[in-house]
Amino acid sequence: MPDVGSAANAGPIRLRQPIAGTDQRDPRGTTANTTDTLQDPMLLQRLQRDATPAYQPGEFELFVQRLVATPQRNNGERTSPNGRSLEDETHLGIAETPVIRRFGAELMTRVDDPGSVDYSPQVPPDYLIKSGDEIVVTLWGSVDADVRVVVDRSGRISIPRVGPVLVAGVRYAELPDVLRRRVGQVFRNFELSVSLGQLRGVRVYVTGFVGRPGAYSVSSLSSILSSLLRAGGPSAAGSFRDITLLRGRQVVARYDLYDFLLRGDRSADALVQPEDVIHVGAVGSQVAVIGSVNRPAIFELKPGETVQDVLNMAGGFTAVADRSRLAVERLQQRSGERIAEMQLPQGARQTLSHGDVLRAFSAVNSQLSVQQQNKRVRVEGEVARPGEYVLPPNSSVDDALRVAGGLSPSAYVFGTEFSRESVRRTQQENYERALRDMETEFARATTTQRTSNADEAAAQAARSASISRLVERLRAVKPTGRVVLQMDPGSSTLPDLALEDGDRLYIPPRGTSVGVFGSVFNAGSYLWNDGRSINDYLRLAGGPTRGADRGSAFVVRANGSVVSALQDSGWFGGSRSLEGLRAEAGDTIFVPEEQNKVTFIQSVKDWTQILYQFGLGAAALQAIRNN
């Protein structure tokens, strides 16, 4: 036995560490070097083969996805499966069909590194030390040592100057006491710390309905879930709720992944041991929940689970859901009535069959009749009390003005802006349809137009680019939903128009100017004077320029109506001139630029070609006559 006193006087005894690299093992129990592993083409090929393939949905998932991709109609309005209108989702940038998968399918993905799931987790106290585990022992005090040793096949480790120690079968929590007693037989006045380094490798078998069944080498701290992830998880035909851990002929554990997915409970996720078998059974009854629920998905049911259980799995209804009913599409009724309605909460205790599809509705778009709803309207501008008001059904514009305190003395009734949300949506649809038609027409004209030289080709390319920029600018314009009210300029009352929810009424003050813009010499706004005509204001602006298209001039009235020189009837009784038309306050006169103008040089060039060709033709006729 060493002399402890002399050792204390001479300082701590340093124990020799076993030669590095003599028995270093990777977590799977095989001697390996990281650099050699990366340079081994056979091992790299195996790693690539073990990579997770793309998720393969089952037949029922594809069927439910087709149901979700079909827009529903609610009160004549096309709505998405989430219950929102398609126009609102387009405006919010979320107009995409949601992907409906099996509940938990997102968990069954991993990175390509097979060892990534074994991330050196904390060792539990009841972990049993076995052959292949690496033990790190640190001693200080009268003895100084840092020892890393691997448990050999006999279950022992060897500590320098101490000798072999039997550790196989010892629990991790008891390991420090076992080593302390053995070292204490040789040394005194020391402290000891023990931890585990690399753990032994364990080979398990994953069978049944999984993505990649087979044998896998995992860490000794791997559980059912981590081993299952290595095999790609349950396939489309595999069960998430019938997973069995077999050890020999004995069933060690039955694991329901829904306990972990729904409640985070991993109490049944037992650690695997060598030669264990993880078996995934066939998928059970499946039902789908779509629509206004927090987690639309396909769920696997156990016998006896009800509609309420499925709704709980889906996270319940959303804040805007109609909680009083569900639509149920049953597999055995698809050749008949197909869809039935289930009233809640009475139907929540019903059981479901394989292939049923539940759809939750949105209460936001399930609106009542317009005649039964209160109206939320906004009144702004020249009224006594501008603001937002809630009016009873069958209210009119006069009712809105009355609750707002009536018109002020400076109100310009003719210039009233009346905007309606339903009109805005219709305008937006028609506007987008017109833009698509225009793009199609431009594309057709561009592809069918021929060019005879490089100048014409360059001109055509420039024209196409300018058309594309024009379309982009037009697409940025959004309709406002304004409704043009047909009134006389001197009218003091608004038309008797029924209100809808979301209407906006703006009464501006009386205008004091008339705008003149476009191809005129001095565009701008000029003070309005009662009795002046459109021609008077054109003269104030210097009149049309030489390049102006005088026959296409038009006037935008304060109420939103348009008077054009091309109209055959209207304000000026069939006249094609705006010169005698009386100007009203708030008018905007616009004189457009003439399109497809031809310069003098271009005209001379064209006439020269015509005369040249005519001269050739005359010479040819003269030659024929002479012959």
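Every value quoted in this text rests on a predicted model; they were computed, and no experiment measured them.
For Gln427 and Glu429, the side-chain atoms include no donor-acceptor pair closer than 3.5 Å.
Formation of a donor-acceptor pair under 3.5 Å by the Asn522 side chain with backbone atoms of Ala541 is not found in this model. Of the possible polar contacts, one joining the Asn430 side chain to the Thr426 backbone as a donor-acceptor pair under 3.5 Å is found. Of the possible polar contacts, one joining the Arg385 side chain to the Val403 backbone as a donor-acceptor pair under 3.5 Å is found. With hydrogens and angles disregarded, no donor-acceptor distance shorter than 3.5 Å links the side chain of Gln286 to the backbone of Gly355. A donor-acceptor pair is defined here as one N or O able to donate and one able to accept, closer than 3.5 Å; such a pair exists between the side chain of Ser395 and the backbone of Pro392. Remark: the backbone N or O of Arg436 is paired with a side-chain donor or acceptor of Thr440 at under 3.5 angstrom. Without hydrogens or angle criteria, Thr416 side chain to Val413 main chain gives a donor-acceptor distance under 3.5 Å. Side-chain N or O atoms of Trp528 include one that pairs as donor or acceptor with a backbone N or O of Ala583 at under 3.5 Å.
Considering only residues two or more places apart in sequence or on other chains, Ser324 meets the side-chain hydrogen bond (donor to acceptor under 3.5 Å, both in side chains) condition with Asp322. Not counting sequence neighbours, the partners of Arg582 by the side chain to side chain contact (heavy atoms under 4.5 Å, CB included) test are Asp530, Glu584. Residues forming a side-chain hydrogen bond (donor to acceptor under 3.5 Å, both in side chains) with Arg469 (at least two apart in sequence, or on another chain): none. Qualifying side chain to side chain contact (heavy atoms under 4.5 Å, CB included) partners for Val483, counting only residues two or more places apart in sequence or in other chains: Phe418, Arg420, Val423. Residues passing the side-chain hydrogen bond (donor to acceptor under 3.5 Å, both in side chains) test with Arg376, sequence neighbours excluded: Glu388. Listed by chain and residue number, Tyr431, Leu435, Met438, Leu470 satisfy the side chain to side chain contact (heavy atoms under 4.5 Å, CB included) test with Leu474 (two or more places apart in sequence, or in another chain). For Glu441, the salt bridge (Lys or Arg N to Asp or Glu O under 4.0 Å) partners are Arg444, not counting sequence neighbours. Legend: residues meeting side chain to side chain contact (heavy atoms under 4.5 Å, CB included) with Ser525, ordered by chain and number and at least two apart, are Ser513, Phe517. Residues meeting the side-chain hydrogen bond (donor to acceptor under 3.5 Å, both in side chains) test with Arg539, sequence neighbours left out: Asp536.
Among pairs with a residue in residues 389-414, those fulfilling salt bridge (charged side-chain N to carboxylate O under 4.0 Å, His left out) read Asp399-Arg402, at least two apart in sequence or across chains. Screening residues 473-483 for side chain to side chain donor-acceptor pair (under 3.5 Å) gives Glu439-Arg475 as the qualifying pairs, with residues at least two apart or on separate chains. Annotation: side chain to side chain donor-acceptor pair (under 3.5 Å) contacts involving residues 308-321, sequence neighbours excluded, comprise Thr306-Asp309, Gln308-Asn312.
Atom CD of Glu59 has 12 or fewer neighbouring heavy atoms from other residues, nucleotides or ligands inside a 6.0 Å radius.
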Go through Glu500 and Lys375 one step at a time and tell me if the salt bridge (charged side-chain N to carboxylate O under 4.0 Å, His left out) criterion holds.
CA-CA 6 Å; Glu500 292 184 6; Lys375 308 298 188 300; over 6 Å; no
Run the side-chain contact (heavy atoms from CB on, under 4.5 Å) check on Ile589 and Val514 step by step: do they pass?
CA-CA 8 Å; Ile589 306 169; Val514 173; 4.0 Å; yes
Please report the C-alpha distance between Glu61 and Gln65 in whole Å, then the side-chain angles of each, then the deciding distance to 0.1 Å, and finally whether the side chain to side chain donor-acceptor pair (under 3.5 Å) criterion is met.
CA-CA 6 Å; Glu61 294 177 71; Gln65 190 64 48; over 6 Å; no
After noting the C-alpha distance and the side-chain angles of Tyr526 and Tyr537, does the key distance pass the ring-ring contact (aromatic ring centres under 6.0 Å, His included) rule?
CA-CA 8 Å; Tyr526 299 89; Tyr537 287 99; 7.1 Å; no
Test side-chain contact (heavy atoms from CB on, under 4.5 Å) on Val377 and Val397; report intermediate values, then the result.
CA-CA 10 Å; Val377 298; Val397 172; over 6 Å; no
Working note: Thr588 + Val516, criterion side-chain contact (heavy atoms from CB on, under 4.5 Å); need CA distance, chi angles, decisive distance, verdict.
CA-CA 6 Å; Thr588 300; Val516 184; over 6 Å; no
Output, in order, the C-alpha distance, side-chain angles, deciding distance and verdict of side-chain contact (heavy atoms from CB on, under 4.5 Å) for Val287 and Val357.
CA-CA 6 Å; Val287 298; Val357 178; over 6 Å; no
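Contact check for Leu540 versus Arg532: side-chain heavy atoms found under the 4.5 Å cut-off. In this structure, Pro386 and Val379 have side chains that are not in contact, with every pair of non-hydrogen atoms separated by 4.5 Å or more. Side-chain atoms of Leu401 and Leu494, non-hydrogen and from C-beta on, do get closer than 4.5 Å to each other. Between Leu262 and Met313, some side-chain heavy-atom pair lies under the 4.5 Å cut-off. Looking at heavy atoms from C-beta onward, Val591 lies in side-chain contact with Leu538 at the 4.5 angstrom threshold. With contacts defined as side-chain heavy-atom distances shorter than 4.5 Å, the pair Ser396/Leu499 does not qualify. The shortest distance between side-chain heavy atoms of Leu326 and Phe317 falls below 4.5 Å. In this structure the side chain of Val383 reaches within 4.5 angstrom of the side chain of Ile507, judged on heavy atoms.
Smallest separation of non-hydrogen atoms from Arg359 and Leu67: NH2-O, 3.8 Å. Closest approach of Ser519 to Gly547, counting heavy atoms only: OG-C, 4.1 Å. Between Gln56 and Ala236, the shortest heavy-atom contact is O-CB, 3.6 Å. Taking both residues in full, the closest heavy atoms of Tyr412 and Ala585 are given as OH-O, 3.1 Å, listed atom of the first, atom of the second, then distance. Here the closest non-hydrogen pair linking Thr545 and Phe521 is CA-CE1, 3.8 Å. Residues Thr493 and Met487 share a closest heavy-atom pair of O-SD, 3.6 Å.
The cationic group of Arg325 lies under 6.0 Å from the six-membered ring centre of Phe361 and within 45° of the ring axis, placing it in a cation-pi geometry.
Atom CD of Glu382 is separated from atom CZ of Arg510 by 11.5 Å, given to the nearest 0.5 angstrom. Expressed to the nearest 0.5 Å, how far OH of Tyr389 lies from CG of Asp503 amounts to 15.5 Å. Remark: Leu527 CG to Asn529 CG distance equals 8.5 Å, nearest 0.5 Å.
Arg102 has a carboxylate O that lies under 4.0 Å from a charged side-chain N of Glu300, or vice versa, which qualifies the two as a salt bridge. Between Asp587 and Arg557 a salt bridge is recorded (basic side-chain N to carboxylate O distance below 4.0 Å).
Between Tyr258 and Phe240, the angle of the ring planes lies from 30° to 60°, which puts this pair in the tilted group.
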